[in-house]
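Data block below; observations after.
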Protein chains: 2
Amino acid sequence: MHISTVSRTFSAPHLVNPDTRSRVLACAETLGYRPNRAARALITGRTHNMGLIVADIANPFFPPLIKAAESQARQRDYHIFVTDTNEDPAAEEELVHALAKQVDGILLCSPRMSNSLIEQLSREVPLVVINRQVTGLPSVVMDVGQGARLAIEHLISLGHRDIALLSGPRGSWTSREIRRSATTAARAGNAELTVLGPNPPTERGGQTMAEQVRRAEVTAVLTYNDLMAIGLIEGLDSLGIAVPAEVSVVGIDDITISRLTRPKLTTVATPAGAAGRAAVDMLLQQDGSWPGRVGRGATGTVPVDDRRTTAQVTLQTQLVIRDSTGPGPHGTADPGGAVAPIPEVVAS
Amino acid sequence: MHISTVSRTFSAPHLVNPDTRSRVLACAETLGYRPNRAARALITGRTHNMGLIVADIANPFFPPLIKAAESQARQRDYHIFVTDTNEDPAAEEELVHALAKQVDGILLCSPRMSNSLIEQLSREVPLVVINRQVTGLPSVVMDVGQGARLAIEHLISLGHRDIALLSGPRGSWTSREIRRSATTAARAGNAELTVLGPNPPTERGGQTMAEQVRRAEVTAVLTYNDLMAIGLIEGLDSLGIAVPAEVSVVGIDDITISRLTRPKLTTVATPAGAAGRAAVDMLLQQDGSWPGRVGRGATGTVPVDDRRTTAQVTLQTQLVIRDSTGPGPHGTADPGGAVAPIPEVVAS
DNA sequence: CCCATAACTGCAAAGGTTTGCAGCGAAGAA
DNA sequence: TTCTTCGCTGCAAACCTTTGCAGTTATGGG
């Protein structure tokens with residue numbers, strides 16, 4: 001019995017006689033043999049792994065995305081390797097290089113690198129970016145612009161005119177998007193928007209800004225994410241400022257705990273799970289157009305414009321009104337009841 | 001210039017003439033060449049990757065452990081691939097197999113598999129188990145037994161005599177440990193311990209148990225982890241039962257949010273970061289005794305007793321008293337002030 | 001009975017790197 | 001000068017699969 005027969009029993013079972021096949025399998029069983037995926041990858045050019053690089057695994061925003069991506073990948077017979085960059089752009093680049101040859105593609109989630117660096121890296125390994133738009137690269141973004149607009153409009157309808165925005169980390173596309181959208185929404189509603197930041201996107205980041213929020217003399221705050229909102233509420237609390245009685249706070253993400261803190265957080269829900277699934281599928285689709293075992297191997301790169309599709313998926317967001325927002329100093333402009341839920345929608 | 005020279009430039013720079021070396025480097029730069037780690041692994045038998053399998057990445061207990069392990073590994077020039085099993089033992093086994101040939105070893109964190117399966121798998125790839133003890137395998141455990149004892153003693157000192165334990169998932173070594181220790185501690189203090197479970201180790205798992213906790217007519221509850229404690233408090237709240245006025249609740253883990261909920265959670269702090277670092281180091285140490293490129297390759301397995309060291313690291317835990325525990329119906333037996341902090345200690 | 005076809009199986013090259021061994025020239029020692 | 005030694009580089013095998021091609025045997029049609 002030849003090695004190639006063994007190989008075929010595992011990778012193309014229909015090509016081998018059922019008898020032989022079961023003999024091989026029995027033998028493999030007793031020997032504890034399993035095909036070496038690394039060696040297989042060497043020749044097929046397909047590892048059946050994909051990488052997922054996130055900024056901070058401890059941020060509760062990511063786990064649902066990760067889990068959704070993992071289960072989607074599993075269905076497609078792929079495995080996902082997750083790694084964490086500690087919000088460090090340099091670590092991001094290094095990880096892409098390290099993963100490049102061990103995976104068939106990488107999901108870049110909320111990358112902090114520059115656009116040009118991302119484009120450059122995309123010539124080395126297929127990339128899909130999440131929460132960012134890079135020309136020529138497939139991406140899935142959650143429409144935080146719309147979410148920020150809804151949040152600001154909600155605050156304005158509650159009678160708030162002096163609003164602060166706690167922006168996110170430098171290099172975050174999402175943060176820029178929120179800022180842009182919040183600014184225009186505030187202007188449209190005759191409200192003043194004070195931007196405070198950039199800040200680390202963590203609970204601590206929000207907590208330490210409480211003092212500055214007080215000094216800014218605003219009656220409402222929109223934060224880059226829920227973690228900062230929760231931290232801010234905590235910080236305001238220890239300054240003796242009540243939420244929402246004196247200051248209203250809106251977060252973004254709708255992480256699990258935002259339902260568990262007191263007051264429960266008003267926030268913009270982002271469809272993290274859907275984003276993870278969509279990103280996996282986009283990567284798999286793009287992957288088909290990459291050189292498998294053909295091409296120049298290790299040094300083989302692909303001209304950016306050769307890509308079949310550079311689809312952009314946009315996922316809708318949705319305002320969830322809970323207890324951290326209340327009427328502003330000028331009284332409520334309208335009752336501000338619960339906003340009709342907006343269905344999760346995929347556009348391209 | 002020969003390929004082997006290029007190879008040496010990257011893997012053994014001191015063996016090549018500085019001039020040649022820089023010429024190679026320059027050339028590699030312009031060509032965008034980087035050594036193919038998969039191919040290298042094929043021959044050296046070392047991938048410089050390690051796997052980390054956790055039960056549920058969305059459980060805030062894991063991220064600090066993951067991050068600590070990652071940074072420790074990075075210092076040792078290793079990368080960590082994290083994967084999630086959704087609390088599913090079958091997924092655990094499958095992942096070990098999938099990872100086996102792509103990593104130099106695997107960290108099994110809170111595995112739900114049977115001991116015998118773990119031992120069997122350990123013949124295929126080096127394994128270190130976290131939060132579990134498996135004979136013959138290196139492991140790092142947090143002393144939750146001690147933690148549970150401290151928690152029960154704390155409750156008893158507050159005057160509680162009827163205490164419930166919300167146990168964790170089936171197959172969890174930690175849960176058995178907690179139960180064992182809590183039982184003896186309760187008996188020693190003349191308290192009655194009612195065990196309720198097994199339960200999914202999530203917020204929902206705690207929330208849905210509120211009704212049963214009420215029926216059990218206890219005045220205090222120890223839960224398998226913080227997530228369940230938070231869920232339980234939520235559930236009791238919606239039943240109109242006040243914490244800690246009517247029922248005291250103690251969690252285990254001291255996850256970040258336990259400081260942010262109201263009331264702030266009394267809990268047993270576990271040194272997750274230290275555990276992650278210790279596990280990485282143990283794996284690296286064990287790794288030295290494994291057959292690299294020698295041995296029978298794909299089918300090569302190692303007799304369990306050939307292991308150099310089967311060290312067991314135990315990390316101390318610590319009770320953190322916050323606001324979710326208060327005096328029981330019989331009054332406080334002692335003032336129950338803050339317990340002196342126990343330093344993080346590594347024993348073997 | 002012969003030929004075409006089908007169903008398997010064996011052969012060998014390829015994929016990118018590492019590494020023991022041998023070769024080569026230069027420098028130093030005798 | 002001749003012999004060692006040293007520093008560097010080239011050669012080729014090996015790692016474990018996959019896969020196109022060719023070979024073998026059995027089967028069915030003419």
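Labels below follow one simple rule: chain letters A, B, ... track the order of the sequence lines, proteins then strands, and each chain is numbered from 1.
When all heavy atoms of A:R46 and A:Y78 are compared, the closest pair comes out as CD-OH, 4.2 Å. Closest of all the heavy-atom pairs between A:L127 and A:I118 is CD2-O, 3.7 Å. Across all their heavy atoms, A:M282 and A:P138 have their closest contact at CE-CB, 3.6 Å.
The NE2 atom of A:H14 sits 13 Å away from the P atom of C:dT9 (whole-angstrom rounding). B:R46 places its CZ atom 15 Å from the P atom of C:dT18, with the value rounded to the nearest Å. For the pair B:L42 CG and D:dA13 P, the interatomic distance rounds to 17 Å; values are reported in whole Å. One can place NZ of B:K101 at 13 Å from P of D:dT18, the figure rounded to the nearest angstrom. Between B:R23 atom CZ and D:dT9 atom C1' there is a gap of 11 Å when expressed in whole angstrom units. Per the geometry, CZ belonging to B:R40 stands 4 Å off P belonging to C:dT18, to the nearest Å. Look at CG on A:L15: it is 12 Å from C1' on D:dG20, rounded to the nearest Å. Atom P of nucleotide D:dT17 and atom NE2 of A:H48 are separated by 16 Å, given to the nearest angstrom.
Residue B:T44 places no side-chain N or O under 4.0 Å from the OP1 or OP2 atom of C:dT17.
Ranked by how close their nearest DNA chain D nucleotide is to the 5' end, A:P35 and B:P18 are led by B:P18. The 5' end of DNA chain C is approached more closely, in terms of each residue's nearest nucleotide, by A:R21 than by the other of A:R21 and A:I3.
For A:H2, whose side chain is taken as the heavy atoms from C-beta onward, the closest listed nucleotide among D:dC16, C:dT17, C:dG10 is C:dG10. Among the nucleotides D:dC16, C:dA14, C:dT9, the one closest to any side-chain atom of A:V16 is C:dT9.
Judged purely by atom type and a 3.5 angstrom limit, B:N131 has no side-chain atom pairing as donor or acceptor with the backbone of B:C109. When atom types are taken as modelled, the side chain of A:R76 and the backbone of A:L284 share no donor-acceptor pair closer than 3.5 angstrom.
Proximity of residues 4-12 of chain B to DNA chain C (heavy atom under 4.0 angstrom from any strand atom) is restricted to B:S4, B:S7, B:R8, B:S11.
Taking the charged nitrogens against the carboxylate oxygens, B:R112 and B:E92 have no contact shorter than 4.0 Å, which rules out a salt bridge.
A donor and an acceptor atom, one from each side chain of B:N49 and B:Q102, are nowhere located under 3.5 Å apart.
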